[in-house]
Visitor: 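Quick one: structure below, then a few questions.
Computed from a predicted structure; not experimentally measured. Convention: sequence-line order gives letters A, B, ...; per-chain numbering from 1.
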Number of protein chains: 2
Amino acid sequence: MTDVVASTRRPAPRGRIDKRKAILDAAFAVFARRGYDQACVQEIAEEAGVAKPTVYNHLSDKENLFRHAVETAAEAVMADNLAVVELVREPSGDLRALLEDVADRMLRICCDERSRALRRLTYAQLVRFPDLIEVVHRRTSTRVAEALADRLARLCLSGHLRPCDPAQAAEQFLALLTAPVEARSRLGGREVPPAEIDAVASAAVDTFLRAYRPEPATS
Amino acid sequence: MTDVVASTRRPAPRGRIDKRKAILDAAFAVFARRGYDQACVQEIAEEAGVAKPTVYNHLSDKENLFRHAVETAAEAVMADNLAVVELVREPSGDLRALLEDVADRMLRICCDERSRALRRLTYAQLVRFPDLIEVVHRRTSTRVAEALADRLARLCLSGHLRPCDPAQAAEQFLALLTAPVEARSRLGGREVPPAEIDAVASAAVDTFLRAYRPEPATS
DNA sequence: ATAAATCTGAACTGACGAGTTCAAATCAGG
DNA sequence: CCTGATTTGAACTCGTCAGTTCAGATTTAT
């Protein structure tokens, strides 16, 4: 009689459309704000504008839902990052300016809600889904580092950077970017103001260039 | 009738000893291996060799148990790290060797099970206990960075490093250490072989020194 | 229009775990 | 050795939530 429940239900096109996509999007959103254990399937169904049995109809169970939602998000984050790495080319003008631009774009991706939620969720479920972290990490970290290493290798060959191990250079470039931001965002809990992002990016590039610029002709 | 339950019960000195400490230790151990939600108070009680009501007698509820266990662990990790930072002094011999020793020790702390579990737990409960991460982060990260900055400032003044912002230098030194190790340990899921730890430490120090060594007297 | 597939809401089962209760056992101190 | 505090085990309450069932509504395709 006193039913005022569930006023936040979008009608969402009845019939058979891409319920599946709606469900996965909703799942990631709900997992992101509640965490795996606190998220309940009912809420995901409501967020997707769909009945609970429909959720189970598309994705067998909660675990499956989580895996698909997380892997999809990881895919998207990887695509964004790879697109940015593509920008690293033989500099037409200033190498520093180029790297700062790249650094800035990567940090913005790494600070946005989706990336943060993704890290949080995989980190949190490390014990329960060890294989999942493997997949996510490959997408969001390893792959990006490899792509960046490729680009840096070219810069070494063309003499814009000193000869070095490109994989290590890439690892350290990313370290100088991500670690300070992780720390300043309290592991993703706080929003980092753009001014700080800029500062971290420019400090990282500065240090990176000091360490990897070509040696002044010795002797 | 078919009761074979709870065969892993240590007797643990009956009467009133430091049950409290036993309980907190057990709590951290169980939270570490199960995560907050999966950990059940019964298991903590068993691990502590104590009855369930005794747990509730000492610490009001599960949340309280978690907070105390985590804060205690954070305190311990901080102490370890600060002790290592103390080693940074005016180098009697080689600055590089000194920094590599410090880097190595810090990485070992950061890779051990306790630190990893601590990061995992706080990261995972970011949403539910936002204030807790504040506390932990201050202990394990901010404080250590500040202490290191102090030491680096002295090295700048004595001319062992170029003039620079010591806070930034400390932040980047730690970034070059922790980020690669986090990546290689799959966010703490995998054990990192000592050889890799050494490699990361020495690469980090090398890059740090290239970026922060005193400028060769210009013009 | 009609048949097959899908979706819906609501109610249901079953497991699990937090926190409590209590009477009996155990301890510590005077 | 007596008294009061603490511990213990076991059973219990209570809420939550994953996953299921089902009869009826809706959709899509032919």
Visitor: With sequence neighbours excluded, tell me which residues meet ring pair (Phe, Tyr, Trp, His ring centres under 6.0 Å) with Tyr212(A).
Guide: Phe208(A)

Visitor: What integer distance in Å separates His58(B):NE2 from dT6(D):P?
Guide: 9 Å

Visitor: In whole Å, what is the span from the OH atom of Tyr56(A) to the P atom of dC17(D)?
Guide: 12 Å

Visitor: Record whether the side chain of Lys62(A) comes under 3.5 Å of the base of dG19(D) through a donor-acceptor pair of N or O atoms.
Guide: no

Visitor: How long is the line joining CD of Gln42(A) and C1' of dT8(C), in whole Å?
Guide: 12 Å

Visitor: Considering heavy-atom distances to DNA chain D, does Asp37(A) or Pro53(A) have its closest nucleotide positioned more toward the 5' end?
Guide: Asp37(A)

Visitor: Is the backbone of Thr142(A) close enough, under 3.5 Å, to the side chain of His137(A) for a donor and an acceptor to pair up by distance?
Guide: no

Visitor: Could you tell me whether the phosphate oxygens of dT8(D), OP1 or OP2, come under 4.0 Å of any side-chain nitrogen or oxygen in Thr54(B)?
Guide: yes

Visitor: Take atom CG of Asn57(A) and atom P of dT21(D), then tell me their distance rounded to the nearest Å.
Guide: 13 Å

Visitor: Has the side chain of Lys52(A) got a donor or acceptor that lies under 3.5 Å from a partner of the other kind on the base of dG19(D)?
Guide: yes

Visitor: Please work out which of the three classes, parallel, tilted or perpendicular, describes the rings of Phe129(B) and Tyr36(B), given edges at 30° and 60°.
Guide: perpendicular

Visitor: Roughly how many Å is it from CG in Asp61(B) to P in dT20(C), rounded to a whole number?
Guide: 8 Å

Visitor: Could you check how far NZ of Lys19(B) sits from P of dT26(C), rounded to whole Å?
Guide: 13 Å

Visitor: Between dT16(D) atom C1' and Gln38(A) atom CD, what is the distance in whole Å?
Guide: 10 Å

Visitor: Determine whether a donor-acceptor pair (N or O, by modelled atom type, separation under 3.5 Å) exists between the side chain of Glu113(B) and the backbone of Ala32(B).
Guide: no

Visitor: Could you tell me the separation between the CZ atom of Phe66(A) and the P atom of dC17(D), rounded to a whole number of Å?
Guide: 17 Å

